[in-house]
Enquirer: 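Next up is a structure, given as structure tokens.
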Amino acid sequence: MLMHDQYPDGTVRALLATDQVTEATRLALTERLTISPQPPQFFTASEFSLLQAICDRLIPQDERTERIDIAGRIDERLILNKSDGWRYDVMPADGDAYKLGLAGVDEAARLLFLQTFQQLSDELKDEVLKAIQHQEAPGETWQKLPANRFFEELLTEVANTYYCHPLAQEEIGYVGMADVPTWQRIGLNQLEDREPKSTERGAGGMV
Amino acid sequence: MKHYKTSETVDAVVIGTGAGGAPLLARLAAAGLKVVALEAGKHWNPATDFATDEKSQEKLFWNDERLSAGNDPIPFGSNNSGTGVGGSTLHYTAYTPRAQPDDFQLRTDFGVGEDWPLGFDQIEPYYDEVEQFLGISGPSPYPWGPARKRAYALGPLPINGAGQLMERGCKELGIKTSPAANAALSAGYYQEGVGYRPACANRGFCQAGCNIGAKASMDVTYIPLAVHHGAEIRPESFVTQLIKDAAGRISEVIYIRNGQEERQRCRYVFLCAGTIETARLLLLNNLANSSGQVGRNVMAHTGLQIWGEFEEDIRPYKGIPGALISEDTHRPEKADFAGGYLLQSIGVMPVTYISQMARARGLWGQDLKQAALAYNHVAGINILGDCLPHAHNYLELSDEKDIRGLPKPRIYFSNGENEKRMTAHADKIMRDIWSAASARNIWAFPRNAHVIGTCRMGTDPATSVVSPDGQSFDTPNLFISDNSTFPSALSVNPALTIMALALRTADRFLEKHK
């Protein structure tokens, strides 16, 4: 197994202050970095806090001091009625699917462990989510809503939302937004000075 | 830019400004015709409107919701149609291999699928013209297919990490590879009527929009040429109706602009809205469908991707994504399927990679975060293979309405036996290549790409929608120029062939009707 990479903090934020990114790129990423959390408009407060709890299990952010607001971006998309251009025909409209599915998560938690999802330990929360992912969760909801597709769509949107954030991009060592100088060192093991090096892999390599 | 009055009867209205519409528009304008192009999306200024940010660039995708049904529902949005002057070429990977002569005669060679009503020799001069005009970068000679009459306009683009790794693995297995042909400039390029375009910055962002005009999307090539010759581009104009006169010819095109309905009078209509919207518009208007074939024969290339993690630093956001190609699998020996496929190396942008990994592998929690941390060390290979037309794959109008009150399209797609066998064949070869190149954690992303079909061209009005010249059998002043008319899917990325066919359609029209 490969060792895990670890990249330094602050790389993308430092590049945003330079002329190595275009103005359009700087605007888009700075807005995402600085947007402050808003109360939900599409979800009710309880739906929203449940969604946040689920997002915390799908992409844990325990080590972060500045948390990336995933649920808020999903709420924003749904209130704006934005689509990604398609949906599974077996699924209801995105907003309905979210509302139904969230209710189904709590329903499954109660049927499996006699508590709401948010009352469960992290381990049991993960049990509930695994059951939904593998279409093994109990509950009326999943008679109406294909559990595997609900989970797949939710997970994809959560991953997409997290990794388009500059802080998440720092985490994985991505600096492709700094493209003004062009990329000339593009072959294997060729890095430009502005590309961060992993502090873990380096000399150690395979373990 | 010239502006025509809506009350004026123009010679032609072209609906859609992508690979099917733009070359044809330029050709008609150059011949002196009064032409207006209606485009649903905006006319972007890439230098100021395009961020190097996948999320903001989602605006280039066709984001009106489509319903995906069948056993292998097709994802739309980021793949297939585009929104904006330039259509899907705004976000195509710029991969521009030619189809080979046998691609056009699948039925003759294998007894399945369809032959095209025209052959390679009729397309070839247009391939040549498009390649020179766009400034395609590629190797000369190119190792597969008939010898080309002229070398590619420019030498190949540099090979990135993924390309080097595929080269390494293929060499081990005795598979021939070559730098690929790409519609992105390896050096600055000048064309009369277009101007100067700079060399590619190796920014790896083709699928989310090129911000310097190095990639040959239509908005920086055929569209400026069309405008130079007097065409009008009318963006943010969403066509809803085609109105017939008493003689059964289309006399007016109705579209929505700024929330208002406008009408443009015209002598001819060229429908170039792509497989889904072209068929949807015909079905909505109950047009050109005496054959009952509109919406039938939906095809989507086999497009399996195999990803692997490598010890080397790859940084997959750098360089032209599809740097290396092999067509050794074009007609594999002892294959248990009809047709074949090509192999290409793939670089990838981070959000695209991680989202599809989450979807396909179902990874979440620490597993997802760890797999995402390997992003700088991942490289992919994918195939692009033929797909047979099956009766079970089609488009229909659903009962669900979009924001304009028009029915959303529902598209049924299930891979048939031939596609499954081809994919299994490719799965093994690509895993072998990646193993030979020392990949770890190899995983597969199953997919079909490039939706094709719905308005098949042919010689028999009973079984096809348009003639080999793209002319509707039912409505003689209606022509179609896009991927919807392909009788078979071909074993290559479709954009170059769509453009070549568009020029041929324009020339055939001008010969007969001017």
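When reading the values below, keep in mind they use all heavy atoms of this one structure, side chains included, and skip hydrogens, waters and symmetry mates. Letters A, B, ... are given to chains in the order of the sequence lines, protein chains preceding strands, and every chain is numbered from 1. Keep in mind the model is a prediction, meaning the values are calculated, not measured.
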Enquirer: If I measure from the heavy atoms of chain A, does B:Tyr375 come under 4.5 Å with its side chain, its backbone, both, or neither?
Expert: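 Side chain only.
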
Enquirer: Please flag which part of B:Arg410 lies under 4.5 Å from any non-hydrogen atom of chain A: side chain, backbone, both or neither.
Expert: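 Only the side chain of B:Arg410 comes within 4.5 Å of chain A.
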
Enquirer: Side chain, backbone, both or neither: which part of A:Arg73 has an atom under 4.5 Å from a heavy atom of chain B?
Expert: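 No part of it gets close to chain B.
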
Enquirer: Any Lys/Arg nitrogen of B:Asp402 or B:Arg280 sitting under 4.0 Å from an Asp/Glu carboxylate oxygen of the other?
Expert: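 Salt bridge present between B:Asp402 and B:Arg280.
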
Enquirer: Can you confirm whether A:Arg64 sits close enough to A:Ile68 that some side-chain heavy atom of one is under 4.5 Å from a side-chain heavy atom of the other?
Expert: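 Yes, side chains in contact.
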
Enquirer: Could you pull out the closest heavy-atom pair between B:Arg361 and B:Trp443, with the gap in Å?
Expert: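 Minimum heavy-atom separation between B:Arg361 and B:Trp443: CD-CD2, 3.3 Å.
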
Enquirer: Examine whether an atom of A:Leu27 lies under 4.5 Å from a heavy atom of chain B, and if so say whether it belongs to the side chain, the backbone or both; otherwise answer neither.
Expert: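 For A:Leu27, neither part sits under 4.5 Å from chain B.
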
Enquirer: Non-hydrogen atoms of chain B under 4.5 Å away: do they reach the side chain of A:Val180, the backbone, both or neither?
Expert: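 It is neither, since no heavy atom gets under 4.5 Å.
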
Enquirer: For the interface with chain A, which of B:Pro73, B:Gly163, B:Ser81, B:Cys200 has the highest count of heavy-atom pairs at distances below 4.5 Å?
Expert: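 With the most close heavy-atom pairs to chain A, the winner is B:Pro73.
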
Enquirer: For A:Arg194 and A:Asp179, run salt bridge (charged side-chain N to carboxylate O under 4.0 Å, His left out): C-alpha distance rounded to whole Å, both residues' side-chain angles, the deciding distance at 0.1 Å, then the answer.
Expert: CA-CA 10 Å; A:Arg194 62 189 184 278; A:Asp179 54 5; over 6 Å; no

Enquirer: Side chain from CB out, backbone as N, CA, C, O: work out which of these in A:Asp56 comes under 4.5 Å of a heavy atom of chain B, or both, or neither.
Expert: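 For A:Asp56, no heavy atom lies under 4.5 Å from chain B.
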
Enquirer: Give, as side chain, backbone, both or neither, the part of A:Lys130 having an atom under 4.5 angstrom from any heavy atom of chain B.
Expert: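 Both parts, backbone and side chain.
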
Enquirer: Do the ring planes of A:Trp142 and A:Phe150 sit parallel (below 30°), tilted (30 to 60°) or perpendicular (above 60°)?
Expert: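 Answer is tilted, since the angle falls between 30° and 60°.
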
Enquirer: Identify which part of B:Arg315 has an atom lying under 4.5 Å from any heavy atom of chain A, answering side chain, backbone, both or neither.
Expert: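 The side chain, not the backbone.
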
Enquirer: Examine whether an atom of A:Lys197 lies under 4.5 Å from a heavy atom of chain B, and if so say whether it belongs to the side chain, the backbone or both; otherwise answer neither.
Expert: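 For A:Lys197, backbone heavy atoms alone lie under 4.5 Å from chain B.
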
Enquirer: Would you mind checking which part of A:Gln169 comes under 4.5 Å of any heavy atom in chain B, side chain (CB onward), backbone (N, CA, C, O), both or neither?
Expert: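 Contact with chain B is through the side chain of A:Gln169 alone.
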
Enquirer: If you count heavy-atom pairs within less than 4.5 Å of chain A, which of B:Gly362, B:Gly319, B:Ser398 leads?
Expert: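 Result: the option with the highest number of such pairs is B:Gly362.
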
Enquirer: Looking at residues at least two apart in the chain, or sitting in another chain, which of them share a side-chain contact (heavy atoms from CB on, under 4.5 Å) with B:Ser355?
Expert: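 Counting only residues at least two positions away or on another chain, B:Ser355 forms a side-chain contact (heavy atoms from CB on, under 4.5 Å) with A:Thr156, A:Asn160, B:Val351.
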
Enquirer: Non-hydrogen atoms of chain B under 4.5 Å away: do they reach the side chain of A:Arg32, the backbone, both or neither?
Expert: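 Contact with chain B: side chain only.
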
Enquirer: Within the structure provided, determine whether B:Val451 and B:Phe76 are in side-chain contact (heavy-atom separation under 4.5 Å).
Expert: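 Side-chain contact under 4.5 Å: yes.
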
Enquirer: For B:Phe50, is it the side chain, the backbone, both, or neither that has a heavy atom closer than 4.5 Å to a heavy atom of chain A?
Expert: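 Backbone of B:Phe50 only, per the 4.5 Å heavy-atom cut-off to chain A.
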
Enquirer: Name the option with the most non-hydrogen atom pairs under 4.5 Å to chain A; the candidates are B:Pro350, B:Ala162, B:Ala360, B:Ala372.
Expert: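 Between B:Pro350, B:Ala162, B:Ala360, B:Ala372, the count favours B:Pro350.
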
Enquirer: What part of A:Gln133 gets closer than 4.5 Å to chain B, counting heavy atoms only: side chain, backbone, both or neither?
Expert: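 Just the side chain, heavy atoms under 4.5 Å.
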
Enquirer: Tell me, out of A:Leu188, A:Leu191, A:Thr182, A:Thr25, who's got the most heavy-atom pairs with chain B below 4.5 Å.
Expert: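 Among the listed options, the one with the most contacts to chain B is A:Leu188.
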
Enquirer: Do you know which of A:Ala159, A:Ala93, A:Ala178, A:Pro196 has the most heavy-atom pairs with chain B at a distance under 4.5 angstrom?
Expert: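 Option with the greatest count: A:Pro196.
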
Enquirer: Look at A:Val175, A:Asp126, A:Asn81, A:Val90 and state which one has the largest set of heavy-atom pairs under 4.5 Å with chain B.
Expert: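 Looking at each of A:Val175, A:Asp126, A:Asn81, A:Val90 in turn, A:Asp126 comes out on top.
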
Enquirer: Within the supplied structure, the quantity of interest is the number of heavy atoms (other residues, nucleotides, ligands) at a distance under 6.0 Å from A:Glu136 CD; does it exceed 12?
Expert: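 Yes.
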
Enquirer: May I ask you to decide whether B:Glu65 forms a salt bridge with A:Lys82, counting only side-chain N to carboxylate O separations under 4.0 Å?
Expert: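 Salt bridge absent between B:Glu65 and A:Lys82.
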
Enquirer: Are the aromatic ring centres of B:His91 and B:Phe61 under 6.0 angstrom apart?
Expert: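 Centroid distance B:His91-B:Phe61: below 6.0 Å, so yes.
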
Enquirer: Given a strict heavy-atom distance threshold of 4.5 Å, which part of A:Leu29 is in contact with chain B: side chain, backbone, both, or neither?
Expert: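 Side chain only.
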
Enquirer: Are any of the side-chain heavy atoms of A:Asp5 and B:His377 separated by less than 4.5 Å?
Expert: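 A side-chain contact under 4.5 Å exists here.
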
Enquirer: Report the C-alpha separation of B:Asp49 and B:Lys42 in whole Å, then their side-chain angles, then the decisive distance to 0.1 Å, and conclude whether the salt bridge (charged side-chain N to carboxylate O under 4.0 Å, His left out) test is met.
Expert: CA-CA 11 Å; B:Asp49 293 340; B:Lys42 294 186 182 195; over 6 Å; no

Enquirer: Given a strict heavy-atom distance threshold of 4.5 Å, which part of B:Asn160 is in contact with chain A: side chain, backbone, both, or neither?
Expert: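 B:Asn160 touches chain A through backbone and side-chain heavy atoms alike.
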
